[in-house]
Each structure stands twice: as structure tokens, then as C-alpha cells.
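Just so you know, residue 1 is the first one in the sequence shown, and it goes up from there.
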Amino acid sequence: MDKELLEQISHLHREKKDLTERLEELESKPLKHVKDSVQGSGTSYPFVQHHCTIEGVEYPKQGVQRRRLRKLIKSAQRNIDKKIKNLEYELEKIEDSEIRQIIRYKYEDNLSWVQIMFKMNYSSESAARKKLERFLKKV
């Protein structure tokens, strides 16, 4: 496990949140309603012409785009979930509970070193950072 891999955790969580928001925005947009008028006539003689108004949803263009985008977003979310699970699995392999907590606070919760200091009751903000640096050098 290295620093770049750990930084991916927060990026993946952020990307998943962004994709979820995009999907919700996509789902909340109404389809475009359209109206038109056409001429018609009766089915029997005398064929009297009259105007009819038709209305509906402009589906083919927007509907296909929505389905395609929805499919892409869901696929990306599944891939992100797999990556997060793999990273969590790797994180669980770390035997030191303190290091796992530091990693979760820093890379999953995006806390600053000062916030981590208070959460873990350290005397200085550099304590957690140095412990993590030593661990990463050792691995």
C-alpha cells in the first residue's frame, strides 16, 4: 500500500458522490413535452377535413441520451464500488489498528492532521502524520 493508492480512496468517494448527484439531476429533469397540430378527415364519404392537436414527449432523442448516460453512470458507480471494496480489503490487511484509523480519517473522511490529532488524542498534529509516514516507508 502506498500514498497514491490511499489518496485514491478519497478521490473515488468524491467521484461516486458526484456521479450520484449527476444521476439524480438527470432523473429529476422532465422530458420535453411537445405539441403539434395536424389535419385529418373522416373515414367515410364526405371526407370532412378538421384540425387535430397531438401532444406527447419528445422521447427518441432525449430518452436514448438519458438511458445511455444512466447506464454509463451506473457502470462507473459499480466500478468505483469494486475499487473501494478492494482498497478496504487491503486496509483490513494492516494489522495495526491505529494506522488503519489514521488512514481512514485522512483518506476516507478527508480530515486535516489537526482534526486527526483531536480525534486520536495526540499531543501534536505531526504525531499521526509521522506514524503514517513511517508505516508507508516500512511497507
*Asks:* Got a sec, which hydrophobics cluster with I54, joining ILVMFWY side chains under 4.5 Å apart, including via others?
*Replies:* V38
*Asks:* Could you measure the distance from the CG atom of L87 to the NE2 atom of H13? Nearest 0.5 Å is fine.
*Replies:* 8.0 Å
*Asks:* Output a table of donor-acceptor pairs, distance under 3.5 Å, between side-chain atoms of residues 111-122 and any protein atom two or more places apart or on a different chain; print 'none' if there are none.
*Replies:*
from : atom 1 : to   : atom 2 : distance (Å)
S112 : OG     : Q115 : N      : 3.2
S112 : OG     : Q115 : OE1    : 3.4
Q115 : OE1    : S112 : N      : 2.7
Y122 : OH     : E98  : OE2    : 2.3

*Asks:* So which heavy atom on L12 is nearest to which on I80, and how close?
*Replies:* O-CG2, 3.5 Å
*Asks:* Partners of Q77 by side chain to side chain contact (heavy atoms under 4.5 Å, CB included), sequence neighbours excluded?
*Replies:* L19, T20, L23, I73, K74
*Asks:* Mind checking the CD1-NZ spacing from I103 to K131? Nearest 0.5 Å is all I need.
*Replies:* 13.0 Å
*Asks:* Kindly compute the distance separating CD1 (I99) from CG (L132), expressed to the nearest 0.5 Å.
*Replies:* 6.0 Å
*Asks:* Taking only residues two or more places apart in sequence, or in another chain, which ones meet R100 in a side chain to side chain contact (heavy atoms under 4.5 Å, CB included)?
*Replies:* L91, E92, I94, S97, R104
*Asks:* Test R129 against E133 for side-chain contact (heavy atoms from CB on, under 4.5 Å), laying out the working first.
*Replies:* CA-CA 6 Å; R129 184 170 21 96; E133 284 174 5; 3.6 Å; yes
*Asks:* By side chain to side chain contact (heavy atoms under 4.5 Å, CB included), which residues pair with K85, not counting sequence neighbours?
*Replies:* none
*Asks:* Which pairs with one or both residues in residues 6-20 pass salt bridge (charged side-chain N to carboxylate O under 4.0 Å, His left out), sequence neighbours excluded?
*Replies:* K16-D81, D18-R22
*Asks:* Is there any side chain to side chain donor-acceptor pair (under 3.5 Å) pair reaching into residues 45-56, and which pairs are they, with sequence neighbours excluded?
*Replies:* Q39-Q49
